[in-house]
S.K.: 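Handing you a structure now.
Order of the sequence lines sets the chain letters (A, B, ...), proteins ahead of strands, with each chain counted from 1. All figures in this text were calculated on a predicted structure; none of them were measured in a lab.
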2 protein chains.
Amino acid sequence: MRDRILKAATHLFAKQGFDGTSLSEIASAVEIKKPSLLYHFRSKAELRVAVLASMLDHFKAVLPELLAAAASQEQLASVLRALVGFFRADRDRARLLLREALDRPEELRGLVHEHVTPWVRMVEERIRQGQADGSIHAHADPAAYCVHAIQLVVGGLASADSLGVLLDDDPEAAEARLTEELLRMLHRGLYRPGAEGERPPGGE
Amino acid sequence: MRDRILKAATHLFAKQGFDGTSLSEIASAVEIKKPSLLYHFRSKAELRVAVLASMLDHFKAVLPELLAAAASQEQLASVLRALVGFFRADRDRARLLLREALDRPEELRGLVHEHVTPWVRMVEERIRQGQADGSIHAHADPAAYCVHAIQLVVGGLASADSLGVLLDDDPEAAEARLTEELLRMLHRGLYRPGAEGERPPGGE
DNA sequence: TCGTGAGCCTACCGCTCGGTAGGCAGCAAG
DNA sequence: CTTGCTGCCTACCGAGCGGTAGGCTCACGA
């Protein structure tokens, strides 16, 4: 039951925000009453922390994969693809993260510093290597590039519903099209054309 | 007074969200009581609509400039710079927009369709021209590129507080550095290097 | 001088919120 | 059989919410 509550709360917080979701609402989503919910989580604040911790656990579970992708000699696109994969696996993750960035930036700053920095440092290093061997634009700012890549992946999935209308496609096709262009754009934003087999993911 | 309320509400909604802000809070920010506030705006919902409309008015005011920049023979970077300028002029705008995208995607979709589409169509056209004369990558997806550009500008300014820690700089320097790389990245994501005087904004 | 409306106030309404008290079924161990 | 724990319930609490009623002051025009 604890897990069911966690899952329902994650979904509702992501969809309506923390302030826009009541405990009764979450309780009724898992077919119990509010005091029963408060038996499992002592307060709403505790539930919020648990929801965040749960998402962080999922992220930590895929972190080795991300780090391995960054460390390998493969192209960086695979790192970005893994990142997109993590957030596409559950769209609530992107929404939740974005809400946290808006509602509690200081708190999120700490989490980012602790858990995302190692990954970013590794990608940075790979980018600098690419710059040294000439495959990556010399005037790219490695760290800033990483930040923008994360922003694109998270923001893109969270706001696809609103901005998708700018494409004429149906929503599903629009999302696929956006993801493809996202990967190509991140690729073009980094690699110099024609360099050592680094091809854009979508083909030409 | 109506304007003062609007301004305070904009700031608080952007910072804490609609559900996280009470009418008393807004009232006390302009040093009146809640019923006096409700004299100027009949309900909280009406105030929300007014806040959004006010931001939209500001956007409509700069739209001609954006369209002119897109239509001119200058490089597209100036369009993006104008877009960044609009959101940097008041950071609440980016936050508010992102919150709206999360809280009321259907509603925002309508607004986007009505007010942003003309600008996007124009930029698309310019991109296609660039593709025809070879200055822009042939495999770029013009509309999807525009969507990502908007996401980067809006999301970047709204979440700079959280993600800025990934750079070691102090917050102010981090933001400037991110904006510079953002423009360069958007440039590299579009233009083929060395094509007809299209230089990245930051120089090399 | 008086009426009128704008703009603000205090006092209050019903409602929902997060959270607590206390009880009741079921089950497992002594 | 009893004891005690788990997991749920109903009933309730105070606080804060959005919103209303009605009255006060003050400026302004007839």
S.K.: Indicate whether OP1 or OP2 belonging to C/dG7 is found under 4.0 Å from a side-chain N or O atom of B/Y39.
M.R.: yes
S.K.: In this structure, how many angstroms lie between the P atom of C/dA6 and the CD1 atom of B/I32, rounded?
M.R.: 16 Å
S.K.: In whole angstrom, what separates A/E25's CD from C/dC15's P?
M.R.: 19 Å
S.K.: Applying side-chain hydrogen bond (donor to acceptor under 3.5 Å, both in side chains), which residue pairs with at least one partner in residues 30-49 of chain B are found, sequence neighbours left out?
M.R.: B/R48-B/E100, B/R48-B/E107
S.K.: Hey, is NE2 on B/H115 packed in by over 12 heavy atoms from elsewhere, all under 6.0 Å?
M.R.: yes
S.K.: To the nearest Å, how far apart are B/D19 CG and D/dG16 C1'?
M.R.: 14 Å
S.K.: Using whole Å, what does the distance between atom P of nucleotide D/dG16 and atom NZ of B/K34 come to?
M.R.: 12 Å
S.K.: Rounded to the Å, how far apart are B/K33 NZ and C/dT10 C1'?
M.R.: 10 Å
S.K.: Does atom CD (B/E106) have a neighbourhood of more than 12 heavy atoms from anything else shown, all under 6.0 Å?
M.R.: yes
S.K.: Which part of the nucleic acid, if any, lies within contact of A/S36, taking any heavy atom under 4.0 Å across all strands shown: a base, the sugar-phosphate backbone alone, or nothing?
M.R.: base
S.K.: Expressed in angstrom and rounded to an integer, what is the separation of B/M1 atom CE from D/dC26 atom C1'?
M.R.: 16 Å
S.K.: Could you tell me the separation between the CG atom of A/L38 and the C1' atom of C/dA21, rounded to a whole number of Å?
M.R.: 13 Å
S.K.: I'd like to know if B/K44 reaches the base of D/dG19 with its side chain such that a donor and an acceptor end up less than 3.5 angstrom apart.
M.R.: no
S.K.: Locate the shortest heavy-atom distance separating B/R109 from A/D161; write the atom from each residue and the value.
M.R.: NH1-O, 3.2 Å
S.K.: Of the residues in residues 2-12 of chain B, which ones touch DNA chain D at a heavy-atom distance under 4.0 Å?
M.R.: none
S.K.: On the nucleotide C/dA6, are OP1 or OP2 found under 4.0 Å from the side-chain N or O atoms that B/H40 carries?
M.R.: no
S.K.: Starting at CG of A/L37 and ending at C1' of C/dT20, how long is that distance when rounded to a whole Å?
M.R.: 15 Å
S.K.: Please tell me which of the listed nucleotides, C/dT10, D/dG19, C/dG19, lies nearest to the side chain of B/S43?
M.R.: D/dG19
S.K.: Assess whether a salt bridge exists between A/R184 and A/E181, defined as any Lys/Arg side-chain N lying under 4.0 Å from an Asp/Glu carboxylate O.
M.R.: yes
S.K.: Per the side-chain hydrogen bond (donor to acceptor under 3.5 Å, both in side chains) rule, what does the pair list look like for residues 147-159 of chain A, sequence neighbours excluded?
M.R.: A/H148-A/Q151, A/Q151-B/S159, A/S159-B/Q151
S.K.: Decide whether a cation-pi geometry holds between A/R93 and A/F86; the criteria are a distance under 6.0 Å from NZ or CZ to the six-membered ring centre and an angle within 45° of the ring axis.
M.R.: yes
S.K.: Has B/S22 got a side-chain N or O lying under 4.0 Å from the OP1 or OP2 atom of D/dC17?
M.R.: yes
